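Since we're looking at a predicted model, the values are computed, not measured. Protein chains get the first letters and strands the later ones, always in sequence-line order, with residue 1 at the start of each.
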Amino acid sequence: MPQEVCNVAFDVSKPPRPELGDFSTNVAMVLAKVARRAPQAVAEAITRHLARHPLVERVEVVAPGFINFHLSPGWLQSAVAECLERGEAYGRSTLGAGKRVQVEFVSANPVGPLHIGNARGGPYGDVLSNLLEATGYEVTREYYINNGPENTQLQTFGASLQARYLQLLGEDVPLPEGGYQGEYVIELAQEIVDREGDRHRDVPRDQEGARTFFWLVADRMVEMLRKDCESLGIHFDVWFSEQSLADSGAVDRAVALLKERDAAYEADGAVWLRATQFGDEEDRVLVRSSGAPTYIASDAAYAVNKFLERGFDHVIYVWGPDHAGYVPRLKAAVAALGVEPERAEVIIYQTVRFLRGGEPVRLSKRQGSIIPISEIIEEVGLDATRFFFLMRSVDAHLDFDLDLARRRTEENPVYYVQYAHARIRSIEREVAARGFEVTQAPRLDLLTDPVEREVMRFLVEYPELVSDAARERAPHRLTHFAVDLARTFHQFYDRCRVLAPEEPELSAARLALVQATGQVLRNLLGLLGVTAPEQM
RNA sequence: GCGCCCGUAGCUCAGUUGGAUAGAGCAACGGACUUCGGAUCCGUGGGUCGGGGGUUCGAGUCCCUCCGGGCGCGCCA
């Protein structure tokens, strides 16, 4: 929580150890420089002038100059009450003030199923969207279908499909150089044979022909990707076709607009974007001398669509690491259109490394050694798959150990968290079974055990976690918080008997704490798109 | 060669934007229920935060430099 006083930045944070209080500030140490006095003396002076607040039990100055606040138990107790009162809404906020944000993610080329190499952006983009919605933004989840006329991967894929098709018709045709070897290409070719027989036998085996073949299965490819995304628990609001930008003339209009703004010029028979004027290293070709637009021209047209036509306040692109070098170009294109470049935010996630038998598996779609995400989901379950993808910061590489993932019995953090929730449900069932009396207004002041206090701390912090994770674009903070909360709850369960007939008031108070914890776990798992099981 | 990301316990990773004694999970070893779920809990060992220099009250965090790994650098996407 950074603050500012006398032009000096200081912050308020949680001390590393409970005995140091509930909140701490370094303001005295920061001000010491300006005041030219010892930090400790400044801290003492500030402390003397602090107004008393009913929730602050006591204030301490600790070397080298921290001011630590110990809050009264009432503060923590109110969080339990608030959590129970707000239920599913606990943790949600209106910070986003209804601003419209578009999150474009996955957007894998429509040339095959979603696989472990390009799937990481899925859970990430989805949970980021959840976080933005939870903090009051209006979010559109969008998939950009890279089916544009110049996509060379489509050419290769189409040519591979054509070759498989002809092979099925009995012709001795080799796969093209670097062609797609995956089984699914043969299956797709078979579908064409089944549906339309040999009527495409004489399609010329050139670029045009490859494209023709791609379009025979284009809808099928999108359907395949949509199904894979749905099986990952991801639903897109919009599936946007790159080809539609070319068909509608939007690409030409975008190039014209850039020229009009003097952000593009002609040279060597091509049209260039003045990218260097907007922070890129060199100018970029928008339209080749052949007259064919490049990918950046489509992206400019798409940006016009996003910012100028649909009017999103903010747009987030979630890209794989191979696109890192493309960021300045996109930002330049956006700026060249007259849109504030900070409204276009690009998040690059790092690679996923596959381990089998402790050895990295090389992933190459072309060699057909892809591992479809559907296979992983089938083997380790949707919950574990999503949780696993979300445990690491997007900046960090992610290791996916196949052998570990295949073993259903293997300990997985997601089970640890889910078990905490199942345990809570079990306690609640026990309450019903025993006819335990539930008090309307539990005496929360009876929750004085340090571990009870710890659990309450988590409940208090949860709303701030959500807003922090949203602001930092850091879904992994949710998984870490979930594990930490689960651990603290298990400790509480171990040390504090919830249902103690001889102490009905304490039992009622602990039950309230249990219920509030269950609520936070459900809200947390809900944001992650992971189920909160009633029992396991 | 240039750009981006990474380097923290045996392994995989956090580290709240510069704070207090650097934390988890797995792995290893040793313990704990007559009652709410043992998929749990408690304890032990394990670190020159890749190396060096700098900035300051204070650096895993910021700057410089070197080393090591990943990715990218086309009128491809």
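- Candidate nucleotides B:U35, B:C13, B:U40 were compared by shortest atom distance to the side chain of A:His480, and B:C13 ranks first.
- The A:Tyr493 side chain lies nearest to B:G37 when the options are B:C6, B:C13, B:G37.
- Taking the P atoms as reference points, B:U40 lies 23 Å from B:G45, given to the whole Å.
- The P atoms of B:C11 and B:A27 are separated by 16 Å, rounded to the nearest whole Å.
- Side-chain contact annotation: A:Ser298 with A:Glu242, donor-acceptor N/O pair under 3.5 Å present.
- The aromatic ring of A:Phe66 stacks onto the base of B:A20, its centre lying under 5.5 Å from the centre of the six-membered base ring with the two planes under 30° apart.
- Note on A:Asp299 versus A:Arg284: no salt bridge recorded, every NZ/NE/NH1/NH2 to OD/OE distance being 4.0 Å or above.
- Spacing between B:G52 and B:U61 at atom P, rounded to whole Å, works out to 12 Å.
- For the pair A:His70 and A:Phe23, the minimum side-chain heavy-atom distance is 4.5 Å or more.
- Between A:Glu208 and A:Arg211 there is no side-chain heavy-atom pair separated by less than 4.5 Å.
- RNA chain B is contacted by both A:Cys496 and A:His397; A:His397 maps to the nucleotide lying nearer its 5′ end (nearest heavy atom per residue).
- Distance, A:Arg392 CZ to B:U8 P: 13 Å, rounded to whole Å.
- Across all strands, A:Thr351 comes closer than 4.0 Å only to sugar-phosphate atoms, never to a base (heavy-atom distances).
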Table of protein N/O atoms under 3.5 Å from nucleotides 72-77 of chain B N/O atoms:
unit_1	atom_1	unit_2	atom_2	d
B:C75	O3'	A:Arg288	NH1	3.4
B:C75	O2	A:Ser289	N	3.0
B:C75	O2	A:Ser289	OG	3.3
B:C75	N3	A:Ser289	OG	3.3
B:C75	N4	A:Asp268	O	3.2
B:C76	OP2	A:Arg288	NH1	2.0
B:C76	O2'	A:Thr152	OG1	3.0
B:A77	OP1	A:Arg288	NH2	3.3
B:A77	OP2	A:Tyr295	N	3.1

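- Atom CZ of A:Phe481 is separated from atom P of B:A14 by 18 Å (rounded to the nearest Å).
- The distance from atom CD of A:Glu472 to atom C1' of B:G15 is 12 Å, rounded to the nearest whole Å.
- With hydrogens and angles disregarded, no donor-acceptor distance shorter than 3.5 Å links the side chain of A:Arg477 to the backbone of A:Asp468.
- Toward the 5′ end of RNA chain B lies the nearest nucleotide of A:Asn68, the other residue of the pair A:His490 and A:Asn68 mapping further downstream.
- When each of B:C13, B:G25, B:G37 is scored by its nearest atom to the side-chain atoms of A:Ser426, the top-ranked nucleotide is B:G37.
- Look at CD on A:Gln491: it is 12 Å from C1' on B:A24, rounded to the nearest Å.
- A donor-acceptor contact under 3.5 Å is formed by the side chain of A:Ser24 with the base of B:A20.
- For the pair A:Gln535 CD and B:A39 P, the interatomic distance rounds to 14 Å; values are reported in whole Å.
- Distances shown here put every side-chain N or O of A:Arg495 at or beyond 4.0 Å from the OP1 or OP2 atom of B:U40.
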Determine whether A:Tyr143 and A:Phe240 satisfy the following criterion, ring pair (Phe, Tyr, Trp, His ring centres under 6.0 Å), listing intermediate values before the conclusion.
CA-CA 6 Å; A:Tyr143 191 118; A:Phe240 195 97; over 10 Å; no

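- Heavy-atom contacts from other residues, nucleotides or ligands closer than 6.0 Å to CD of A:Gln207 number 12 or fewer.
- A sub-4.0 Å separation between OP1 or OP2 of B:U17 and a side-chain N or O of A:Arg471 is absent.
- In this structure, CZ of A:Arg497 is placed 12 Å from C1' of B:U34, rounded to the nearest angstrom.
- A distance of about 32 Å separates the P atoms of B:G70 and B:A24, rounded to the whole Å.
- In this structure, OG1 in A:Thr135 is found 10.5 Å from CZ in A:Arg471, a value given to the nearest 0.5 Å.
- Within the structure, every pair that satisfies the salt bridge (Lys or Arg N to Asp or Glu O under 4.0 Å) test and touches residues 416-425 of chain A, not counting sequence neighbours, is listed here: A:Arg425-A:Glu428, A:Arg425-A:Glu534.
- Residues A:Ala422 and A:Gln535 come closest through the heavy atom pair CB-CA, 3.9 Å.
- Paired runs in RNA chain B that reach 3 or more consecutive Watson-Crick or G-U pairs, where each pair keeps both distances under 3.5 Å, cover B:1-7 with B:67-73, B:10-13 with B:23-26, B:28-32 with B:40-44, B:50-54 with B:62-66.
- To the nearest whole angstrom, the two P atoms, one in B:U48 and one in B:A22, are 13 Å apart.
- Considering only side-chain N and O atoms, A:His476 lies under 4.0 angstrom from the phosphate OP1 or OP2 of B:G15.
- At a threshold of 4.0 Å, the pair A:Arg497-A:Glu503 does not count as salt-bridged, since none of the basic side-chain nitrogens sits closer than that to a carboxylate oxygen.
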